[in-house]
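Heads up, the thing below is written out as structure tokens.
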Amino acid sequence: MIDERMYDLGNAPSAIRELFAYGLKRKAEIGEDKVFDYSIGNPSVPAPQKVADTIEELMKLPPVELHAYSPAAGIPAVRQTIADSIARRYGIPAKAGRVYMTVGAAASIAISLGAVTNAGDEVIVPSPYFPEYKVWIETMGCSIVEVPTQVPSFQLDVEAMGAAINEKTAAVIINSPNNPVGAVYTRENLEALAAMLEERGKEIGHPIYLISDEPYREITYGAEVPYVPTLYKHTIVCYSYSKSLSLPGERIGYIYVSNLMDNAKEVYTAVSGAGRALGFICTAVLFQRVMEKCVNEPSDVEAYRANRELLTKGLSELGYEFVEPDGAFYLWVRALEPDDEAFCEKAKAHELLLVPATCFKSHGWVRISYCVSADVIKRSMPAFKALMEEYK
Ligand code: PLP
């Protein structure tokens with residue numbers, strides 16, 4: 001007998017992926033340059049040259065050595081390089097023994113949830129949020145508790161999050177810089193969250209783990225992105241090179257269990273166990289080795305910065321309302337009618353592929369993923385104008 005829940009998940013692909021697939025079909029029908037696909041977050045900036053150079057260099061290794069299994073948590077030297085980089089950049093005593101190499105942020109979050117939750121627990125997620133969180137939380141037999149962020153700043157509503165905590169609360173997931181909104185949580189906001197979690201954890205008699213999903217950490221436009229483990233000791237960082245180094249298809253990232261956590265050793269052991277249980281062991285060895293050399297490569301955000309200027313200037317001139325993005329490469333724009341799905345359907349008629357807020361458990365907004373070429377943004381402005389005129 002097949003698992004009904006898994007069947008349902010397989011049978012209902014994510015709405016974002018469906019829109020992306022529609023875009024490909026539409027481009028084949030009417031021409032690549034006629035469709036303005038703002039659906040998914042596939043970086044348009046090439047990976048650093050050093051990645052290609054390192055791969056070339058690695059190809060000189062004897063194949064048996066190059067392609068061999070690594071230990072389950074990853075190659076020790078790679079974990080050491082990452083721990084050293086964390087320690088140097090954020091001033092905390094990060095150790096290789098708390099770094100677990102994974103298949104991107106997706107696996108990191110699923111593993112972390114597996115490590116710190118038990119069936120029946122609750123996990124708090126500020127909304128709007130990356131839709132896969134719900135899938136991973138429910139896969140662990142837990143319930144998602146959605147707590148809306150503050151509108152229009154989209155900072156965490158710490159008071160409401162505190163009110164949602166009870167004995168069953170095992171963890172909170174945060175994502176800053178944020179997908180889908182582009183907000184970066186301020187130091188003040190994160191400090192308030194940390195103080196609240198510390199206090200509420202004491203009241204309910206167990207720590208509340210903070211899972212910090214950070215694929216966009218490096219993609220910012222001047223805002224400070226505080227390192228969460230320096231503010232709250234029960235933090236597990238889920239990092240990925242998908243966006244920072246434009247390597248989404250290589251599926252490489254890591255989990256860092258903060259060395260400042262009281263029970264770091266136990267949590268890390270549970271992370272290793274969850275990695276094993278979920279089959280996420282010994283992640284892609286070639287890309288582990290690439291990361292050993294490229295971990296300190298800077299992210300190239302200039303193209304995203306230019307796109308952000310182009311898009312925000314163009315849309316504000318046309319009268320659209322949006323959240324000024326401090327990070328990531330998403331613009332959160334107010335739909336021109338309360339029903340964001342209906343609005344996106346109307347946008348589609350102008351060949352504009354926008355993702356409705358409903359996909360992120362919010363309403364009345366749409367997400368524009370602007371990691372596209374600048375040319376797409378320039379050419380799409382008449383379509384945004386025509387869409388606005390429809391509502392006048
Ligand atoms: N978390 C967020 C907020 C994301 O936007 C994404 C990907 O778009 C992921 C996690 C998954 O990242 P990865 O490709 O590293 O698995």
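First listed ligand is number 1; within each ligand, the first listed atom is number 1.
For a threshold of 3.5 Å applied to N or O pairs, the pair formed by A106 and ligand 1 contains at least one separation below that value. Looking at W136 next to ligand 1, no N or O pair under 3.5 Å apart turns up. No N or O atom of F130 sits closer than 3.5 Å to an N or O atom of ligand 1. Between N175 and ligand 1, a contact under 3.5 Å exists for no N or O pair. Considering backbone and side-chain atoms together, Y330 places no N or O closer than 3.5 Å to any N or O of ligand 1.
In terms of protein heavy-atom proximity, atom 15 (O) of ligand 1 is nearest to S240 OG, 2.6 Å. Among protein heavy atoms, the minimum distance from atom 12 (O) of ligand 1 is reached at A105 CB, 3.6 Å.
The aromatic ring centroids of F384 and Y320 lie less than 6.0 Å from each other. In this structure, W365 has its ring center under 6.0 Å from that of F154.
Atoms of ligand 1 lying under 4.0 Å from any heavy atom of D213, numbered from 1 in the order shown and given with element: 1 (N), 2 (C), 3 (C), 10 (C). Close approach to N179 involves these atoms of ligand 1, each under 4.0 Å from a residue heavy atom: 3 (C), 4 (C), 5 (O). Which parts of ligand 1 touch G104 is read off a 4.0 Å heavy-atom cut-off, strictly below it: atoms 15 (O), 16 (O). Within the listing of ligand 1, atoms 13 (P), 14 (O), 16 (O) sit less than 4.0 angstrom from a heavy atom of R251.
Salt-bridge check for E224 with R217: failed, with every basic side-chain N at 4.0 Å or more from each acidic carboxylate O. Taking the charged nitrogens against the carboxylate oxygens, D375 and R379 do have a contact shorter than 4.0 Å, which makes a salt bridge. At a threshold of 4.0 Å, the pair E302-R305 counts as salt-bridged, since one of the basic side-chain nitrogens sits closer than that to a carboxylate oxygen.
Only the side chain of S242 comes within contact range of ligand 1, with a heavy atom under 4.0 Å; no backbone atom does.
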Please list every donor-acceptor pair under 3.5 Å in which a side-chain atom of residues 345-356 meets a protein atom from a residue at least two apart or in another chain.
residue : atom : partner : partner atom : Å
K346    : NZ   : E337    : OE2          : 2.9
H350    : NE2  : E390    : OE2          : 2.6
E351    : OE1  : R26     : NE           : 3.0
E351    : OE2  : R26     : NE           : 3.3
E351    : OE2  : R26     : NH2          : 2.8

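For the side-chain hydrogen bond (donor to acceptor under 3.5 Å, both in side chains) test with D213, the passing option among Y129, Y133, Y239 is Y133; the others fail. Of the residues listed (Y304, Y370, Y216), the one engaging Y330 in a ring pair (Phe, Tyr, Trp, His ring centres under 6.0 Å) is Y216, and it is the only one.
Using modelled atom types, one side-chain atom of T186 and one backbone atom of N189 make a donor-acceptor pair closer than 3.5 Å.
Under the 4.0 angstrom criterion for non-hydrogen atoms, Y216 is in contact with ligand 1. In this structure, K243 has a heavy atom closer than 4.0 Å to ligand 1.
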